[in-house]
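Quick notes on the structure that follows.
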Amino acid sequence: MNDFQTALGTWYRANKRELPWRFTKDPYKIWVSEIILQQTRIAQGMDYYLRFVKRFPDIHHLAAAEETEVLKAWQGLGYYSRARNLHTTAKVIVDQYNGHFPADYSLLKQLKGIGDYTAAAIASICFHLVYPVLDGNVYRVLSRYFGINTPIDTYQGKKEFLRMAEDLIDPQEPGEFNQAMMELGATLCSPVKPDCPVCPVRNGCLAFRTDQMMEFPVKGKKEKVVQRYLNFLVIRAADSVALEKRRDQDIWKHLYQFPLIETEQPTEIESLIHTPAWDLLFSGCDLALEEISPRVVHLLTHQRLHIRFIRLRLNGIALPQNIQMVPLSDLTHYPVPKPIEKYLTLELL
DNA sequence: CACTCGTGGGC
DNA sequence: TGCCCAAGAGT
């Protein structure tokens, strides 16, 4: 073992957090934890992990579930394709692998939702295969330690950092090494105010020696934010409310929402009533406008959603087929995006 | 490759 | 407050 591996390993064994998924090598639970933690902080994902493995204790339970149930367990966590891919892959593992994850990096990567990072994590933690993980933490640790200014969000950068990680990984304990690198990045080697004085590898760290911690890692792209204006129609009839399922090719895929009219710009209700979308929904309906909520802003990574809820009372006329009237008491079974959940909690339930 | 996909916390 | 960031992956 080289000095880096020794120092990192000693520090990790003494300082690692006792997280639930660190007490098992069950590939199912490691897999679930890794998917939940993609782009998600531990504090945010912890409860979801505990509830998920309780609700779906093994891969057979997950494979046998309905997609809506899986999305419901994921509701509020975001990046819902993770949940749909989790469900898809569970069925593949059961059907094609007899319920067992393959102990093979390439085969793991073929599974939906398992990319370079997750394949390396499962391979190293569960099967002791020597594949380094490269996540945001590891990029930060490596870029600071070696003083690499190649942008991490480029093809060149990924290649370069992968080579470094392959040279650095401890082949005797690849899973522990990988987790130690991430733990270091998540705790001491944080994006702002890294705690260098207690870092186990500060002596070899170029960023520390030159006091340039905040110059790394280097990133290139910045996304542009699109503005969208969503008018949700809260159509009430007796003790029911109208819901529709969101389709492919947009945010919140396969989640449920109130019938939606989206406009290019902020639109007054008087104009909205005269749009083709409104006619399509309500031509011939007996409607009463009850209330219009103030606009709320909901931020996504690259979209700014301006959301308004328009409450309507419907008197006994059927709606289009893709829209269903759902009893209020059944709403808890439907996975919904965060703004809808907030509205339901505050206004309807 | 560039773009898309959620949500919450910290400063 | 606006911006950055977080155990990435699919297309």
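Here is the naming used below: chain letters follow the sequence lines, and residue numbers restart at 1 for every chain. Just so it is clear, the structure is predicted and the values come from calculations on it, not from any experiment.
- Counting non-hydrogen atoms under 4.0 angstrom, A:Asp116 reaches the backbone sugars and phosphates but no base.
- Phosphate proximity of B:dC5 to A:His302: present, with a side-chain N or O under 4.0 Å from OP1 or OP2.
- In this structure, the CD1 atom of A:Ile251 is 9 Å from the C1' atom of B:dG6, given to the nearest Å.
- With sequence neighbours excluded, the residues forming a ring pair (Phe, Tyr, Trp, His ring centres under 6.0 Å) with A:Tyr105 are A:Tyr131, listed by chain and number.
- A:Tyr229 forms part of no hydrophobic cluster, judged by ILVMFWY side-chain heavy-atom separations under 4.5 Å.
- Rounded to whole Å, the C1' atom of C:dA9 lies 14 Å from the corresponding atom of B:dC1.
- Annotation: B:dG6 and C:dA6 have their C1' atoms spaced 12 Å apart (nearest Å).
- Here salt bridge (Lys or Arg N to Asp or Glu O under 4.0 Å) pairs that include residues 28-44 of chain A, with residues two or more places apart or in two chains, number zero.
- The nearest whole Å value for the distance from the CD atom in A:Gln303 to the P atom in B:dT4 is 8 Å.
- If you find the closest nucleotide of DNA chain B to A:Ser81 and to A:Tyr155, the one lying nearer the 5' end belongs to A:Tyr155.
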Find every protein N or O atom lying less than 3.5 Å from an N or O atom of nucleotides 8-11 of chain B, and list the pairs.
residue : atom : partner  : partner atom : Å
B:dG8   : OP1  : A:Lys338 : NZ           : 3.1
B:dG8   : N2   : A:Arg41  : NH1          : 2.3

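- When hydrophobic side chains of Ile, Leu, Val, Met, Phe, Trp and Tyr are connected at separations under 4.5 Å, A:Val192 ends up clustered with A:Met214.
- Closest contact between the side chain of A:Thr40 and the listed nucleotides B:dG6, B:dT4, B:dC1 involves B:dG6.
- Rounding to whole angstrom units, CG of residue A:Leu255 and P of B:dC5 are separated by 13 Å.
- Mapping A:Thr301 and A:Leu111 onto DNA chain C by nearest heavy atom places A:Thr301 closer to the 5' end of the strand.
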Side chains of residues 159-175 of chain A: which donor-acceptor partners sit under 3.5 Å, not counting sequence neighbours?
residue  : atom : partner  : partner atom : Å
A:Glu160 : OE1  : A:Thr150 : OG1          : 2.8
A:Glu160 : OE2  : A:Thr150 : OG1          : 3.4
A:Asp170 : OD1  : A:Gln172 : N            : 2.9

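- Comparing the same atom, C1', in B:dA2 and in C:dA7 gives a spacing of 24 Å after rounding to whole Å.
- Residues satisfying the ring pair (Phe, Tyr, Trp, His ring centres under 6.0 Å) test with A:Tyr97, not counting sequence neighbours, are none.
- Summarising the geometry, the separation between NZ on A:Lys158 and P on B:dA2 is reported as 11 Å, rounded to the nearest angstrom.
- Checked for salt-bridge contact, A:Glu67 and A:Arg84 miss the test: no charged N lies under 4.0 Å from a carboxylate O.
- For residues 91-120 of chain A, every residue pair satisfying the salt bridge (Lys or Arg N to Asp or Glu O under 4.0 Å) rule, not counting sequence neighbours, is listed here: A:Lys109-A:Asp116.
- Between the P atom of B:dG6 and the NZ atom of A:Lys253 lies a distance of 9 Å, rounded to the nearest Å.
- Atom CH2 in A:Trp252 sits about 9 Å away from atom C1' in B:dG6, given to the nearest Å.
- Between the side chains of A:Glu66 and A:Thr68, no donor-acceptor pair is found at a separation under 3.5 Å.
- The residue A:Thr118 sits close only to the backbone: its heavy atoms come under 4.0 Å of sugar-phosphate atoms, none of a base.
- The side chain to side chain donor-acceptor pair (under 3.5 Å) test applied to A:His333 returns no partner, not counting sequence neighbours.
- Near DNA chain B, meaning a heavy atom under 4.0 Å from it, residues 8-36 of chain A has no residue at all.
- Map A:Gln179 and A:Ile114 each onto its nearest nucleotide of DNA chain C; the residue landing nearer the 5' end is A:Gln179.
- In A:Phe23, the CZ atom is crowded: over 12 heavy atoms of neighbouring residues, nucleotides or ligands sit closer than 6.0 Å.
- Bracketed by its first and final contacts, the part of DNA chain C lying under 4.0 Å from non-hydrogen atoms of chain A reaches from C:dC5 to C:dT11 in 5' to 3' order.
- Following rounding to the nearest Å, A:Asp153 (CG) and B:dC1 (P) show an atom-to-atom distance of 12 Å.
- For the ring pair (Phe, Tyr, Trp, His ring centres under 6.0 Å) test, residues two or more places apart in sequence or in another chain that qualify with A:Tyr343 are A:Phe258, A:Phe309.
- Atom CG of A:Leu71 and atom P of B:dC5 are 16 Å apart (whole Å).
- Within 6.0 Å of the CG atom in A:Asp58, the count of heavy atoms belonging to other residues, nucleotides or ligands exceeds 12.
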